[in-house]
Amino acid sequence: MRNLLIGLAIVALPTVSGAQVSGQTTAMSLDRLAQDVVANNPERQFYQRQIETAGVERAAAGRWADPEAVVEFGQRSANDRTSGAALGEGMTYAVSIVQPVEFGGRIALRRAIAERQVDLAKMGLQQFDATLAARARTLGYALFAADEKANVARTVAERMRGLARIIVARDPAGPAPRLEAASLQAGAISAERSAALADAEANSALYELNQLRGAAFAVRIRIVRPDMSLPALGSSELLAERASANNFELKALRAQFEQQGLRVDLARKARIPILGVGPYYDRAHSDIRETNYGVRLSTTIPLWNRQAGDVAVEQGRQAQANATLINAERRIARDVFDQAAQYEAKRQALTKWDGTSSQSFASAAEDADRNYRLGAIPLTTYMQMQQSYVEATNALLSTRREALEALLSLRALNGGTALVR
């Protein structure tokens, strides 16, 4: 009789969204979210400014040194060489303009160094965009998974509380109904805690996403169910080889190493004298007016080889850049092997589960609820089925999120290029 009354008193309770919305909620796919984050991120302007600055430095590196102007003032005194008598005194002044001219290809070397700086700035922007897009996708899927977890847990909690209210509302005969209602209330509390934890995860992901895309923190977004397929990748050795060729960090370090080699060459060529050439004009007043003009040449004499210290310093930096590059290549290869192993482990685990496992567990939980109301199954079976529904959903979503994070890490290590066989 008890189960019949419960079956007749089935109520449909509305499902509350895992992330409590304030105002309008925008639905976005992961691809659209990544594009929005990259396009609106405030920090991206810094990297764009770096490219502009490097372009200005490149233009300046190809220019000649500024001319040097020399002005001389003095007093002139003239004497007769035979008698020693003073011939007169007067003012004298001289003006010259000298243009330094560098040889040995130093201007070309400085321009090549500046070219590498432009390349480094562009690579910095590309790396930032790839990292930002990967983070946006990771956070987007985390938001989607957290909302799914909260929805499932909240559905189970409301289902249990609804049954508990029905049992308590009728005239209980003996302690069994009260104990069953208490057990259902305890299960609802556990499910509501799971929903609250999932809501906290969703809010944390949402706030970081809004920060990355320069939006107000209160703005709510909902992630459209993403593609759940996880592609099979090639061997770890192949992935490491591709990452070695495409990784932004390695490209930047190689460019820096090449740039440092140019700096060594430039330091060596500093011993080549700099020739200064330009016109001069000299005029003196005494008993007569004397004017001199012509072309002035000047040069440095690298007698003491002070440039040797600069060469040694640049060579030391070159050796350091080479060591940094070798260490980075080993570290990135290790990261590729690590992330590939994690991804494959999660992917293999998911392939063992049916692609419709989530819907199957949801259907089984609904069947258990209906059968329990009709008295076909005991409370123990009902509680186990509801808890299994929540746990299995969490396990599926968490495993897929971890696999996606590993896949996105591999993609970032590969220079943001999609991973294909």
Side-chain angles (χ1 to χ4, degrees), residues 29-35 37-39 41 43-44 47-48 50-51 54 115-142 212 226-261 318 320-352 399-421:
S29 66
L30 286 182
D31 290 340
R32 175 71 180 85
L33 177 65
Q35 293 170 2
V37 167
V38 171
N41 185 266
E43 297 180 36
R44 194 174 186 272
Y47 293 92
Q48 293 173 327
Q50 288 292 96
I51 295 176
E115 288 281 359
R116 302 304 184 279
Q117 202 62 34
V118 173
D119 294 339
L120 286 171
K122 290 180 179 178
M123 278 186 266
L125 178 60
Q126 292 172 350
Q127 182 177 14
F128 180 76
D129 287 349
T131 304
L132 198 61
R135 184 59 180 165
R137 292 175 186 276
T138 300
L139 290 172
Y141 188 83
L212 292 177
D227 181 13
M228 297 295 188
S229 61
L230 297 174
L233 303 179
S235 64
S236 298
E237 290 78 7
L238 179 60
L239 293 175
E241 182 180 347
R242 289 176 178 173
S244 177
N246 299 325
N247 184 267
F248 288 123
E249 181 182 354
L250 293 182
K251 285 183 177 180
L253 289 174
R254 288 174 186 135
Q256 288 175 356
F257 179 71
E258 184 180 354
Q259 184 185 53
Q260 193 57 43
Q318 185 182 30
Q320 182 182 12
N322 185 44
T324 302
L325 174 59
I326 294 173
N327 181 65
E329 287 175 340
R330 297 286 296 172
R331 172 173 50 80
I332 287 172
R334 182 200 66 199
D335 290 343
V336 169
F337 274 80
D338 181 25
Q339 294 299 324
Q342 292 190 36
Y343 173 76
E344 190 59 27
K346 301 298 189 300
R347 193 183 74 86
Q348 289 295 334
L350 287 169
T351 55
K352 295 176 183 177
T399 303
R400 195 173 296 278
R401 177 177 57 82
E402 293 164 358
L404 180 63
E405 288 177 355
L407 181 63
L408 291 173
S409 296
L410 285 171
R411 185 172 181 176
L413 289 170
N414 196 41
T417 306
L419 299 164
V420 293
R421 278 188 177 276

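Starting from 1, each residue takes its place in the sequence as its number. When reading the values below, keep in mind they use all heavy atoms of this one structure, side chains included, and skip hydrogens, waters and symmetry mates.
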**Pair L132-E43, side-chain contact (heavy atoms from CB on, under 4.5 Å): steps then yes or no** = CA-CA 10 Å; L132 198 61; E43 297 180 36; over 6 Å; no
**Message:** Rounded at 0.5 Å granularity, tell me how far CZ in R331 sits from OG1 in T324.
**Reply:** 10.0 Å
**Complete:** Taken to the nearest 0.5 Å, the spacing of Y343 OH from L239 CG works out to 10.5 Å
**Prompt:** Between Q348 and E344, do the side chains contain an N or O donor and an N or O acceptor separated by less than 3.5 Å?
**Reply:** yes
**Prompt:** With side chains defined as the heavy atoms from C-beta onward, is the minimum distance between F128 and V38 less than 4.5 Å?
**Reply:** no
**Fill in**
When every non-hydrogen atom of A136 is compared with those of L33, the smallest separation belongs to O-CD2, 3.6 Å
**Item:** Which residues share a salt bridge (charged side-chain N to carboxylate O under 4.0 Å, His left out) with E241, sequence neighbours left out
**Value:** none
**Prompt:** Residues two or more places apart in sequence or in another chain: which of them pass ring pair (Phe, Tyr, Trp, His ring centres under 6.0 Å) with F257?
**Reply:** none
**Asked** Excluding sequence neighbours, so at least two apart, what forms side chain to side chain contact (heavy atoms under 4.5 Å, CB included) with E237?
**Response** S235, F337
**Message:** Can you list everything that forms a side chain to side chain donor-acceptor pair (under 3.5 Å) with R334? Sequence neighbours excluded, please.
**Reply:** none
**Message:** According to salt bridge (Lys or Arg N to Asp or Glu O under 4.0 Å), does anything in residues 121-131 pair up with another residue at least two apart or in another chain? List the pairs.
**Reply:** R44-D129
**Request:** Evaluate the side-chain proximity of N247 to N414: yes if any heavy-atom separation is below 4.5 Å, no if none is.
**Result:** no
**Request:** Provide the closest heavy-atom pair for A252 versus L120 in the form atom of the first, atom of the second, distance.
**Result:** O-CD2, 3.3 Å
**Item:** Heavy-atom pair with the smallest gap, counting every atom of A243 and V336
**Value:** CB-CG2, 3.7 Å
**Request:** Measure the CZ-OG distance between R347 and S229 for me, rounded to the nearest 0.5 Å.
**Result:** 10.5 Å
**Rounded distance (nearest 0.5 Å) linking atom CD1 of I332 with atom OG of S244** = 8.0 Å
**Prompt:** Under the ring pair (Phe, Tyr, Trp, His ring centres under 6.0 Å) test, which residues partner Y141, sequence neighbours left out?
**Reply:** F144
**Item:** CA sep, side-chain torsions, deciding dist, call: L233, L407, side-chain contact (heavy atoms from CB on, under 4.5 Å)
**Value:** CA-CA 9 Å; L233 303 179; L407 181 63; 4.1 Å; yes
**Message:** A134: which residues meet the side chain to side chain contact (heavy atoms under 4.5 Å, CB included) condition with it, sequence neighbours left out?
**Reply:** L408
**Fill in**
Sequence neighbours excluded, the answer for side chain to side chain donor-acceptor pair (under 3.5 Å) partners of D338 is Q342
**Request:** Considering non-hydrogen atoms only, spot the tightest contact between G416 and A130 and give its length.
**Result:** CA-CB, 4.0 Å
**Request:** Answer yes or no: is there an ion pair linking K346 with E405, defined by an N-O contact shorter than 4.0 Å?
**Result:** no
**Prompt:** Under the side chain to side chain donor-acceptor pair (under 3.5 Å) test, which residues partner D31, sequence neighbours left out?
**Reply:** R137
**Request:** First locate atom CD of Q126, then atom CG of D119, and finally report the distance between them rounded to the nearest 0.5 Å.
**Result:** 9.5 Å
**R400 and L404: CA distance, side-chain angles, deciding distance, side-chain contact (heavy atoms from CB on, under 4.5 Å) verdict** = CA-CA 6 Å; R400 195 173 296 278; L404 180 63; 5.7 Å; no
**Message:** The criterion is side chain to side chain contact (heavy atoms under 4.5 Å, CB included); which residues satisfy it with A245, sequence neighbours excluded?
**Reply:** none
**Side chain proximity check, N322 to Q318, heavy atoms < 4.5 angstrom** = no
**Straight-line distance of L30 CG to T138 OG1, nearest 0.5 Å** = 9.0 Å
**Fill in**
The side chain to side chain contact (heavy atoms under 4.5 Å, CB included) partners of A121 (sequence neighbours excluded) come to Q50, I51, A54
**Complete:** With sequence neighbours left out, the residues meeting side chain to side chain donor-acceptor pair (under 3.5 Å) with E402 are none
**Heavy-atom side-chain proximity of L350 to L230 below 4.5 angstrom** = yes
**Message:** Using only atom types and a distance under 3.5 Å, with no angle test, would you say the side chain of N327 pairs donor to acceptor with the backbone of A323?
**Reply:** no
**Request:** Report yes if some heavy atom in the side chain of L212 is under 4.5 Å from a heavy atom in the side chain of L139; otherwise report no.
**Result:** yes
